[in-house]
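One structure is given here, and the rest of the page talks about it.
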Protein chains: 2
Amino acid sequence: MLKYALLGFLTYTPMTGYDLKHQFAVVAASFWHAEVSQIYLTLKKLEAERLVTSQIQPQDDHPDRRLYTITDRGRHDLRAWLSEPITELPPIKQPVLLKLFFAAPMEQAELLAQLRLLRNLHLQKVSYYRGPVLAHIRGTAQRHPHLAKDARLWEATRRFGELSHEMSLRWLDEMIAMVEERW
Amino acid sequence: MLKYALLGFLTYTPMTGYDLKHQFAVVAASFWHAEVSQIYLTLKKLEAERLVTSQIQPQDDHPDRRLYTITDRGRHDLRAWLSEPITELPPIKQPVLLKLFFAAPMEQAELLAQLRLLRNLHLQKVSYYRGPVLAHIRGTAQRHPHLAKDARLWEATRRFGELSHEMSLRWLDEMIAMVEERW
DNA sequence: CATCTCATGTAACTGGTTACATGATTCG
DNA sequence: CGAATCATGTAACCAGTTACATGAGATG
């Protein structure tokens, strides 16, 4: 799947692996995550599949950059993937829920401390999505008016992040209340 | 992590790999997923680590069963893991959002069809959590009163499933409205 | 008669993580 | 002067998936 994330970003403009890393850190964190090593490896595979091409750009004061450009085949591949509808939801893997499910042997105070810590993490995320992420999307949209449609889609993914952390917050409030009241 | 899910279930009662598979299909689907092959492989590793032991039970009319029992070391290991607080949220990987983020080249009708299909999937999940899952938890709790505390925790994970699919539903409604109105 | 359930497992592969390596430049 | 940034990569490892194999008994 990382494959399509990389192809997707390369439709905007040619980029290096390093640039793509930043895309993941800044814009894509709300829906995907990738380690740098994996990005470089996958770019190599994409080039072998002829979905991207690359040229080395020598630089004087910095290491050389390898700039990747999406090919027509790459665009076609991405487009085909977009057309495939998702017919079943991916299986859930939630470490938090796994822990909570088997938390019976824990002490009340210990569990409450963990739930409150978690609550804090989600709270931070909510303000992150409402603050810097929103600002970044609006800023980019204003600077590049031709990306107006894209910007609405970015906003859609941002909104998901906001809503989902809000939901976790509500859920944790319920859980904390439950554990406080009866354990 | 599958490790701890297996250890967790084995604290209730000794089970076979096959039994554990059912636990995942019925109870654990709201927070974890595992293929059978992976369950057998992991059980073997757990035995090598002495966190579980196994005995073969010969059966006349069915294949022999290998019954796994958690050891004290296993309980201890699980307990230690429960005590480790989660200090950062796991990175998100949402194929749906990945697609949506790059959906600009899609046609309105195509995208709307996919969003509506998705909406339906979430709707089904919501009624699944409100119906059979809830019934199963209440049933088990009534039949085994000593698991009352556990049952409250199971209900907590069920509630998360319900809330998170409801959230997705709300989000999709917003998205569908947005795409219908302006594309 | 076909399919499902019971029951356990191996082999090949894929996707991703962690750790490591290099080395100049810029910033506080 | 240390840390961060720029920039790319390899090697070892780990978790998990897919496909395959076996074979009897029960169910429709």
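Any value given below was found using the heavy atoms of this structure, including those in side chains, with hydrogens, waters and symmetry copies removed. Residue numbers start from 1 in every chain, and the chains themselves are labelled A, B, ... in the order their sequence lines are given, proteins ahead of strands.
- Spacing between atom CD1 of A/I39 and atom C1' of C/dG15 amounts to 14 Å, rounded to whole angstrom units.
- A sub-4.0 Å separation between OP1 or OP2 of D/dT17 and a side-chain N or O of B/H33 is present.
- In this view, A/W81 and A/Y4 satisfy the ring-ring contact (aromatic ring centres under 6.0 Å, His included) rule, not counting sequence neighbours.
- Counting heavy-atom neighbours within 6.0 Å of B/H22 NE2, excluding the residue itself, gives a total above 12.
- A/G17 and A/L43 get closest at one heavy-atom pair: CA-CD1, 3.6 Å.
- Residue pairs satisfying the salt bridge (charged side-chain N to carboxylate O under 4.0 Å, His left out) criterion with at least one member in residues 26-54 of chain B, sequence neighbours excluded, are listed as follows: B/K3-B/E49.
- Ring-centre distance between B/Y129 and B/H165: below the 6.0 Å cut-off.
- What separates NZ of A/K45 from P of C/dT14 is a distance of 8 Å, to the nearest Å.
- To the nearest 0.5 Å, atom CG of residue A/D64 and atom CD of residue A/Q57 are 9.5 Å apart.
- Inter-axis angle, ends of the helix from C/dC1-D/dG28 to C/dG28-D/dC1, five pairs per end, rounded to 10 degrees: 50°.
- In this structure, B/Q38 places its CD atom 17 Å from P of C/dA12, rounding to the nearest Å.
- Side-chain polar atoms of A/T71 and A/R75 form no donor-acceptor pair below 3.5 angstrom.
- For the 3.5 Å distance criterion, the side chains of B/S54 and B/R66 qualify, holding a donor opposite an acceptor.
- Within a 6.0 Å radius of NE2 in A/H144, more than 12 heavy atoms belonging to other residues, nucleotides or ligands are found.
- Relative to the side chain of A/R66, the nucleotides D/dA15, C/dC6, D/dT8 differ in distance, and D/dT8 lies closest.
- In the displayed structure, B/R79 atom CZ is contacted under 6.0 Å by more than 12 heavy atoms of other residues, nucleotides or ligands.
- A heavy atom lying under 4.0 Å from DNA chain C marks none of the residues of residues 2-12 of chain B.
- Taking atom OH of A/Y68 as the reference point, atom P of D/dA7 lies 14 Å away to the nearest angstrom.
- Here A/L2 contributes atom CG and A/W32 contributes atom CH2; the two are 8.0 Å apart, rounded to the nearest 0.5 Å.
- Positionally, the nearest nucleotide of DNA chain C for A/E35 lies more toward the 5' end than for the other of A/E35 and A/P63.
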(Q) Would B/F160 and B/F31 count as a ring pair (Phe, Tyr, Trp, His ring centres under 6.0 Å) here? Give the steps. (A) CA-CA 9 Å; B/F160 185 93; B/F31 60 86; over 10 Å; no
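- OP1 or OP2 of D/dA7 lies within a sub-4.0 Å distance of a side-chain N or O belonging to A/R65.
- Near-neighbour residues of DNA chain C inside residues 16-29 of chain B, defined by a heavy atom below 4.0 Å, number-ordered: B/T16, B/G17, B/Y18, B/H22.
- Here the CG atom belonging to B/L100 is positioned 6.5 Å from the CG atom belonging to B/L115, to the nearest 0.5 angstrom.
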Review item, nucleotides 10-13 of chain D N/O atoms under 3.5 Å of protein N/O:
residue: D/dT10; atom: OP1; partner: A/K44; partner atom: NZ; Å: 2.8
residue: D/dT10; atom: OP2; partner: A/K44; partner atom: NZ; Å: 3.3

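- The separation between B/L43 atom CG and D/dA15 atom P is 14 Å, rounded to whole Å.
- Results of the side chain to side chain donor-acceptor pair (under 3.5 Å) test with B/S83 over A/E107, A/E110, A/Q114 single out A/E110 as the only residue that passes.
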